[in-house]
Trainee: 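Quick one: the structure is below, and I'll ask about it shortly.
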Amino acid sequence: MKKWSHLLLYAVLGLYACMNYAQEKQTKKSYFRLAPRIGIDFPTYNNNTPYIDYKPGMMLGLSADYYWNWLGLGADVDFIQNSPEHTYPTSSLVNASSVALNAFDLKEKKITRMFYGIGPNFKYQTQSKKWAVELTGRIGFGFIRGGETELRETTTSARQLLNYHAGYDTGQLLSAKGQLMFTYYFARRWGFNLGAYFLKHFNAQEDFNATTGFSAAYQAYTFDAASGQNQLLNNAIKKRAEPCDCDVYSKGIFAGISFTFPPKINEPKKKDCVNYALTITAKDKITQQILPHTDVVIKNAKGDIVRTGTTNGFGAVTFDNLTPDDYAIEGLHDASPLVSSSILKSEFKPDDTVQKEIIYQNSALILNGTAVVCNTTKTISNVLVTMKSPDNKEIYTAITDSLGQFSFKLNAQTTYFIYGKKEHYFSQTVKVNAADYDRKVTLNVQVKLCLDEADCGKAIRLENILYDLDKYDLRDESKTELDRLVQFMNDFPKVKIELSSHTDSRASHQYNDVLSQNRANAAIDYMVSRGIERQRLKGIGYGENQLLNECADGINCTEEQHQRNRRTEMKVICPEKK
């Protein structure tokens with residue numbers, strides 16, 4: 001034991017030297033931590049009693065650790081309690097005289113263990129500081145007490161002793177422990193941990209019962225296969241007078257919490273910290289509106305970018321901890337540069353914020369658009385949005401971002417047409433007349449671009465496909481909607497569509513079938529005249545065979561209800577499976 005005590009002393013002195021060295025190198029990453037835990041312990045007792053096992057038990061522990069970075073020093077205290085479990089057979093047991101033994105007296109006392117030790121910690125922590133894994137080693141002392149177990153038969157007056165162990169009542173035992181722990185920090189100082197450990201007590205001597213004169217004893221028996229009985233060999237018990245000087249070890253798992261105490265860092269007093277700050281506000285010159293989401297850069301005299309930022313919802317962005325110097329300030333709002341500004345070195349004051357403005361002077365309106373699925377609020381990203389003039393000349397294009405947003409500039413007194421292109425979508429066309437907006441009052445125009453999901457076999461209603469009563473000649477206003485369909489087919493040259501015409505239930509079935517077919521054919525002929533190949537088009541007149549409501553023959557319905565059934569639809573024809 002003296003040898004082990006010297007080894008422990010040297011280990012403590014070495015760790016103390018490491019601690020003093022680390023304190024000299026202390027940084028803001030160092031901290032102190034307490035980690036209480038509770039777990040289940042699975043023990044193994046090496047002793048010479050063959051018919052006693054030991055049950056898993058409760059473990060309570062506390063760790064106190066100090067970390068400098070990935071290296072730390074810690075101390076553990078653990079309280080463990082297990083119970084012995086006799087395994088001596090008590091069923092079909094007979095004594096040496098073949099008397100069946102069926103009554104027994106079992107006495108068991110719990111075993112309490114204690115461990116306390118110190119040692120190094122090694123830690124890996126993710127950059128987010130949310131997760132950490134730690135490997136720790138501890139060397140120290142422990143004690144083991146209790147565990148006396150006695151089994152006697154009470155069938156006969158002899159009350160034979162069948163199995164006995166005196167348990168433990170040790171003094172200080174040299175002990176060592178290794179532990180692996182995972183921690184999730186759900187707050188800056190608080191964490192939840194899970195882990196496992198291995199604990200070993202060296203040379204744990206069994207207790208000696210002075211009354212009986214032995215530390216362990218048991219009655220030998222054999223199993224008789226013919227009778228199916230456990231037969232005591234004789235009435236003599238095997239004894240161990242000298243206690244076993246054997247190791248005791250256990251494995252365990254645990255869960256707990258971690259609470260950190262960041263060390264106090266000797267930082268300069270606040271009055272010694274000087275901050276030079278600059279706040280920049282972006283505005284529209286004409287309306288004096290503030291401009292959120294404006295990109296701002298600060299450049300030095302050489303033209304190098306020193307800082308960058310984006311204005312917030314109040315049109316402002318603040319830059320702290322600037323070095324006083326001469327700077328140029330530039331801004332960009334919806335791809336349009338703002339009039340730059342400047343700041344001189346002499347304008348900076350300690351612990352003060354200089355206010356500057358950058359101005360948007362462009363006379364054009366800004367169209368802010370969002371692409372959405374028709375009749376929903378679901379936005380669509382990666383849509384190629386095109387803006388055209390009334391004479392069909394392309395002016396601008398843009399691709400919607402992850403929020404379905406895009407933007408264009410609108411010149412005064414100009415009319416624009418906007419539509420989108422994306423596979424499996426059929427875009428509406430939005431007409432925007434800049435003359436409807438007063439640039440002196442507003443800068444931004446908000447627009448929603450609606451796209452129908454054009455999956456194959458899904459019918460999409462075409463609006464404003466109008467015919468005169470009992471006629472199938474297209475009106476001029478119908479051609480605008482069909483031009484949108486022509487654009488769709490030009491955008492996706494491999495797509496084939498079915499164009500269907502439907503009537504209400506008034507007039508005969510035969511009449512409605514013929515009329516709807518003629519109207520579908522008229523629409524097909526128009527699209528062919530606009531350059532679409534006829535083999536990509538299929539016109540079907542369904543007459544009154546696909547009503548959308550209950551307004552069939554003999555049902556009294558309003559004109560509005562009948563109008564719902566009079567419609568033209570298109571759907572993408574699903575490709576044939578090979």
Side-chain angles (χ1 to χ4, degrees), residues 371-380 382-386 419-430 448-467 472-475 477-505 509 512-552 561-578:
V372 298
V373 176
C374 292
N375 302 315
T376 74
T377 58
K378 179 182 176 182
T379 61
I380 312 172
N382 297 319
V383 177
L384 177 61
V385 182
T386 301
Y419 76 95
K421 175 184 176 182
K422 185 174 183 178
E423 191 172 3
H424 304 304
Y425 286 93
F426 179 48
S427 175
Q428 303 286 338
T429 298
V430 177
K448 284 196 181 294
L449 178 61
C450 161
L451 290 86
D452 286 293
E453 293 177 311
D455 296 325
C456 71
K458 179 181 179 181
I460 299 174
R461 182 168 183 152
L462 302 178
E463 304 296 338
N464 300 318
I465 305 296
L466 304 175
Y467 304 87
Y472 53 83
D473 296 326
L474 286 170
R475 291 184 184 177
E477 55 265 41
S478 302
K479 296 176 182 178
T480 301
E481 185 74 353
L482 289 174
D483 285 340
R484 184 164 69 97
L485 189 53
V486 169
Q487 179 68 57
F488 173 75
M489 298 197 72
N490 284 331
D491 288 340
F492 304 101
K494 293 184 180 181
V495 167
K496 297 181 180 180
I497 68 164
E498 175 189 300
L499 196 64
S500 59
S501 180
H502 303 261
T503 70
D504 58 35
S505 62
H509 277 273
N512 286 333
D513 288 344
V514 173
L515 179 62
S516 62
Q517 184 63 54
N518 287 335
R519 287 178 171 176
N521 292 341
I524 294 293
D525 290 340
Y526 175 78
M527 294 181 66
V528 170
S529 73
R530 299 286 288 167
I532 305 299
E533 298 173 350
R534 189 176 293 275
Q535 59 265 33
R536 296 176 61 197
L537 304 168
K538 181 180 180 181
I540 298 180
Y542 286 99
E544 58 182 279
N545 295 312
Q546 293 186 3
L547 300 177
L548 298 179
N549 53 32
E550 68 280 3
C551 296
Q561 290 173 309
H562 284 301
Q563 178 62 48
R564 186 182 176 201
N565 293 317
R566 297 196 300 271
R567 66 196 188 279
T568 300
E569 295 176 339
M570 84 86 171
K571 60 183 175 184
V572 175
I573 298 174
C574 296
E576 295 181 0
K577 295 183 180 179
K578 296 182 179 180

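Please read these numbers as outputs of a predicted model, since none were measured by experiment.
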Trainee: Determine whether Phe488 and Asp491 make a side-chain contact, defined as any pair of heavy atoms from C-beta on separated by less than 4.5 Å.
Mentor: no
Trainee: Output yes when a side-chain donor or acceptor of Ser427 lies under 3.5 Å from a complementary backbone atom of Lys421, and no otherwise.
Mentor: no
Trainee: Would the distance check show the side chain of Glu498 and the main-chain N or O of Ile573 forming a donor-acceptor pair, the cut-off being under 3.5 Å?
Mentor: no
Trainee: For His502 versus Gln546, what's the shortest heavy-atom pair and its separation?
Mentor: CE1-OE1, 3.3 Å
Trainee: How far apart are the closest heavy atoms of Gly541 and Gln517, and which atoms are they?
Mentor: N-OE1, 2.9 Å
Trainee: Just how far is it from atom OG of Ser516 to atom CG of Asp504, taken to the nearest 0.5 Å?
Mentor: 11.0 Å
Trainee: Which atom names give the shortest non-hydrogen contact between Val383 and Ala371, and what distance separates them?
Mentor: CG2-CB, 4.3 Å
Trainee: Would you call Asn545 and His509 a side-chain contact if the rule is heavy atoms closer than 4.5 Å?
Mentor: yes
Trainee: Looking at Asp452 and Cys374, what are the two nearest heavy atoms and their distance?
Mentor: OD1-CB, 3.4 Å
Trainee: Just list the side-chain donor-acceptor pairs under 3.5 Å for residues 527-540, sequence neighbours left out, or say none.
Mentor:
unit_1	atom_1	unit_2	atom_2	d
Ser529	OG	Tyr526	O	2.4
Arg530	NE	Asp483	OD1	3.2
Arg534	NH1	Asp525	OD1	3.1
Arg534	NH2	Asp525	OD1	3.2
Arg536	NE	Pro493	O	3.3
Arg536	NE	Val495	O	3.0
Arg536	NH2	Met489	O	3.0
Arg536	NH2	Phe492	O	3.0
Arg536	NH2	Pro493	O	3.3
Arg536	NH2	Val495	O	2.9

Trainee: For the residue pair Asn549 / Gln561, report whether a side-chain donor-acceptor contact shorter than 3.5 Å exists.
Mentor: no
Trainee: State, with a plain yes or no, whether a side-chain heavy atom of Tyr419 is found less than 4.5 Å away from one of Gln428.
Mentor: no
Trainee: Say you draw a straight line from CG of Leu451 to OG1 of Thr379; how long is it, rounded to the nearest 0.5 Å?
Mentor: 11.5 Å
Trainee: Calculate, to the nearest 0.5 Å, the distance between atoms CD1 and NZ belonging to Ile497 and Lys571 respectively.
Mentor: 11.5 Å
Trainee: Identify which one of Thr376, Asn375, Thr377 satisfies the side-chain contact (heavy atoms from CB on, under 4.5 Å) criterion when paired with Val373.
Mentor: Thr376
Trainee: Hey, could you give me the CZ/CG distance between Arg566 and Asn512, rounded to the nearest 0.5 Å?
Mentor: 10.5 Å
Trainee: Taking atom CG of Leu485 and atom OG1 of Thr480, what is their separation to the nearest 0.5 Å?
Mentor: 13.0 Å
Trainee: I want to check something: taking the side chain as every heavy atom from C-beta on, are Ser505 and His562 in contact at a cut-off of under 4.5 Å?
Mentor: yes
Trainee: Closest heavy-atom contact between Leu462 and Phe426?
Mentor: CD2-CE2, 3.6 Å
Trainee: If you compare all heavy atoms of Ala522 against all heavy atoms of Leu474, which two are closest, and at what distance to 0.1 Å?
Mentor: O-CD1, 3.7 Å
Trainee: Report the distance from atom CZ of Arg461 to atom OG of Ser500, rounding to the nearest 0.5 Å.
Mentor: 10.5 Å
Trainee: Less than 4.5 Å apart, side chain to side chain, heavy atoms only: is that true for Gln487 and Arg484?
Mentor: no
Trainee: Output yes when a side-chain donor or acceptor of Arg567 lies under 3.5 Å from a complementary backbone atom of Asn565, and no otherwise.
Mentor: yes
